[in-house]
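One structure below.
Counting from 1, the numbers follow the sequence of the chain as shown. Counting starts at 1 for both ligands and their atoms, following the listed order.
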Amino acid sequence: MNHSISLTVNGVRRDIALTDPRVTLLDLLREQLDLTGTKKGCDRGQCGACTILVDGRRINSCLALAISHDGASITTIEGVARGDELHPLQTAFIAHDGFQCGFCTPGQLMSALGLIDEGQAGCDAERIREGMSGNLCRCGAYAGITDAVLEVQQKLKAEKERRVA
Ligand code: FES
Ligand code: FES
């Protein structure tokens, strides 16, 4: 039986024939669409390495069936930079040593983008840590990750205040 879905992936519409109706978004991205920036760590919702944005909300793509997301808009790490220009969050991760081996980094970045959009953590390091607690880092780069997210939050806040003034 043929199962087809349409997704908008990093701004580009893709019509996709699923090889198996049980395929997850993670496997679809990595194996069918060659978007291997999204990482497979545990494959059971415990590490956050596979975090992507679906309709702007962060999810663990290893737990999401592709067939359940027909029509969705998906952002992966490949869609974050603008050409050669890094997203400010990526620049902040570099500036604050927010990674070592880099395996968890795509998931950390996508989760942080989701967290910033949710507007829940503000400029509070403890709340940022809590909001990012689903993203594990075996290298223990947590301090740099928190500092990077905090820096971007503070810049956004300052920009907002400048616009209001
Ligand atoms: S690979 Fe999805 S949460 Fe670990
Ligand atoms: S940078 Fe190595 S797992 Fe996080």
**Q.** Residue pairs fulfilling side-chain hydrogen bond (donor to acceptor under 3.5 Å, both in side chains) with at least one residue in residues 45-55, sequence neighbours excluded
**A.** Thr51-Asn135
Q.
Determine whether Ile116 and Gln153 satisfy the following criterion, side-chain contact (heavy atoms from CB on, under 4.5 Å), listing intermediate values before the conclusion.
A. CA-CA 7 Å; Ile116 289 168; Gln153 286 277 21; 3.8 Å; yes
Q: Of all the heavy-atom pairs spanning His69 and Val54, show the shortest one and how long it is.
A: CD2-CG1, 3.7 Å
Q. Do Ser6 and Asp70 pass the side-chain hydrogen bond (donor to acceptor under 3.5 Å, both in side chains) test, and can you show the C-alpha distance, the side-chain angles, and the key distance before you say yes or no?
A. CA-CA 6 Å; Ser6 294; Asp70 187 22; 4.6 Å; no
Q: Determine yes or no for a side-chain-to-main-chain donor-acceptor pair under 3.5 angstrom, with Glu151 supplying the side chain and Ala92 the backbone.
A: no
**Q.** Side-chain donor/acceptor of Thr146 to backbone N/O of Tyr142, under 3.5 Å
**A.** yes
Q.
List the residues meeting side-chain hydrogen bond (donor to acceptor under 3.5 Å, both in side chains) with Asp97, not counting sequence neighbours, and say none if there are none.
A. none
Q | Under-2.8 Å neighbours of atom 2 (Fe) of ligand 1, protein N/O/S atoms only | A | 2
Q: Work out which heavy atom in Gly48 is nearest to a heavy atom in Asn60; give both atom names and the distance.
A: CA-OD1, 3.8 Å
Q.
Looking only at the side chains, is there a donor atom on one of Asn10 and Thr76 sitting less than 3.5 Å from an acceptor on the other?
A. yes
**Q.** Cut-off under 2.8 Å, centre atom 2 (Fe) of ligand 2, protein N/O/S atoms
**A.** Cys101 SG, Cys139 SG
